[in-house]
Amino acid sequence: MKALIVYANPNPESLSGRVKDVVKETLINKGHEVNVRDLYDLGFNPVLTAADQAANMNGALPKDITTEQEFINQADIIYFVYPIWWTGAPAIMKGYFDRVLLYGYAYKYGPTGIEKLMNGKPVVILNNHGNPKSVYETGMYDALKLTSDIGVMDFCGFDLKAHLFFPSAKSAAEEEKQSYLEKVKSLCESLI
């Protein structure tokens, strides 16, 4: 199996970084090929430009976009790992969705409406956030799932296998963080 991890956090010591490492190690230990696309390390440009849009319509996309699309094409499963900042994905991850999941690649308009082009490719979303769980249980989790799970993943035709949230990323005790990581490991193993 080929797994792709799309990761967005500038701090490798963050909980997001630890989650990414657990996903990678778990899959490698089970004999799977893993590609990690660390958007900050790559210096990924998150800004969709008019030139990008024109290039997409002309079938001549920039290399950075086609490279990411090829990683998606080759993956049997994709893990999106990123923190929640200001009630959403970091700008670099949002820009990845904007620039990579383009019209004609991830979706298109057909005679009966939207055609989802990702053909049920499995995905997992793993998010951590700084606030306690109680803050997000006020409707924030539902809003995040609506925008990412439905508005991005389902819209493009991905098969969302799981979307986990890990609260109090900075203030949680180490034992709690370890329980988060064990949950990630268990999830990865269950999807193999």
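Here the structure is a predicted model, which means the values were calculated and not measured. The chain is numbered in sequence order, starting from 1.
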Please walk me through it: do Glu115 and Tyr109 pass side-chain contact (heavy atoms from CB on, under 4.5 Å)? CA-CA 6 Å; Glu115 292 183 21; Tyr109 299 108; over 6 Å; no
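- One finds the NZ atom of Lys185 at 13.0 Å from the OG atom of Ser190 (value rounded to the nearest 0.5 Å).
- Shown here for Ser168 and Pro132, the closest heavy-atom pair between the two residues is OG-CA, 3.3 Å.
- Taking both residues in full, the closest heavy atoms of Leu15 and Phe166 are given as CD2-CB, 4.1 Å, listed atom of the first, atom of the second, then distance.
- A 4.5 Å side-chain heavy-atom check between Glu68 and Arg37 finds at least one atom pair inside the cut-off.
- Residues Ile72 and Met118 have side chains in contact (heavy-atom distance under 4.5 Å, counting atoms from C-beta outward).
- Linking ILVMFWY side-chain heavy atoms closer than 4.5 Å, directly or via other members, places Leu160 and Ile192 in two distinct hydrophobic clusters.
- Side-chain contact between Met1 and Leu27: present, with at least one pair of heavy atoms (C-beta onward) separated by less than 4.5 Å.
- Between Leu144 and Ile84, some side-chain heavy-atom pair lies under the 4.5 Å cut-off.
- Across every non-hydrogen atom of Ala8 and Pro83, the tightest pair is O-CD, 3.0 Å.
- Counting only heavy atoms from C-beta outward, the side chains of Val23 and Leu187 never approach each other to under 4.5 Å.
- Here Asn45 contributes atom CG and Tyr96 contributes atom OH; the two are 14.0 Å apart, rounded to the nearest 0.5 Å.
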List the steps, then state whether side-chain contact (heavy atoms from CB on, under 4.5 Å) holds for Asp159 with Val123. CA-CA 6 Å; Asp159 178 13; Val123 297; over 6 Å; no
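- Taking both residues in full, the closest heavy atoms of Trp85 and Pro10 are given as CH2-CD, 3.6 Å, listed atom of the first, atom of the second, then distance.
- Checked against Arg99 for a side chain to side chain donor-acceptor pair (under 3.5 Å), the options Asn56, Thr49, Asp64 give a single hit: Asp64.
- Aromatic ring orientation, Phe97 versus Phe80: perpendicular (interplanar angle above 60°, classes split at 30° and 60°).
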Before you tell me yes or no, could you show the steps for Phe158 and Asp149 under side-chain contact (heavy atoms from CB on, under 4.5 Å), namely the whole-Å CA-CA distance, both residues' side-chain angles and the distance that decides it to 0.1 Å? CA-CA 9 Å; Phe158 288 107; Asp149 301 5; over 6 Å; no
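- For the atom pair CD1 (Ile125) and CD1 (Ile78), the distance works out to 10.5 Å, reported to the nearest 0.5 Å.
- Grouping the Ile, Leu, Val, Met, Phe, Trp and Tyr side chains by contacts below 4.5 angstrom, directly or via other members, places Val19 apart from Leu39.
- Side-chain atoms of Glu174 and Gln178 form a donor-acceptor pair, as typed in the model, at a separation below 3.5 Å.
- For Tyr136 and His129, the gap between ring centers is short of 6.0 Å.
- Residue Asn128 holds its CG atom at 10.0 Å from NZ of Lys170, rounded to the nearest 0.5 Å.
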Checking Lys116 against Asp154 for the salt bridge (charged side-chain N to carboxylate O under 4.0 Å, His left out) test, could you report, in this order, the C-alpha distance in whole Å, the side-chain angles of both residues, the deciding distance, and whether it holds? CA-CA 8 Å; Lys116 303 172 182 189; Asp154 182 66; 3.1 Å; yes
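- The minimum heavy-atom distance linking Lys121 with Asp76 is given by the pair CG-O, 4.5 Å.
- Val124 is listed as a side-chain neighbour of Leu126, based on a closest heavy-atom distance under 4.5 Å.
- Rounded to the nearest 0.5 angstrom, Thr67 OG1 and Leu61 CG are separated by 10.5 Å.
- When side chains are defined from C-beta on, Phe44 counts as touching Val100, because their heavy atoms get closer than 4.5 Å.
- Across Tyr105 and Leu117, no two heavy atoms sit closer than the pair O-CB, 3.3 Å.
- Contact check for Phe155 versus Tyr107: side-chain heavy atoms found under the 4.5 Å cut-off.
- Under the 3.5 Å distance criterion, with hydrogens and angles disregarded, no donor-acceptor pair is assigned to the side chains of Tyr141 and His163.
- Between the CG atom of Asn73 and the NZ atom of Lys2 there is a distance of 11.0 Å, given to the nearest 0.5 Å.
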Kindly indicate, with the supporting measurements, whether the criterion side-chain contact (heavy atoms from CB on, under 4.5 Å) is fulfilled by Tyr7 and Ser16. CA-CA 8 Å; Tyr7 168 70; Ser16 298; 3.9 Å; yes
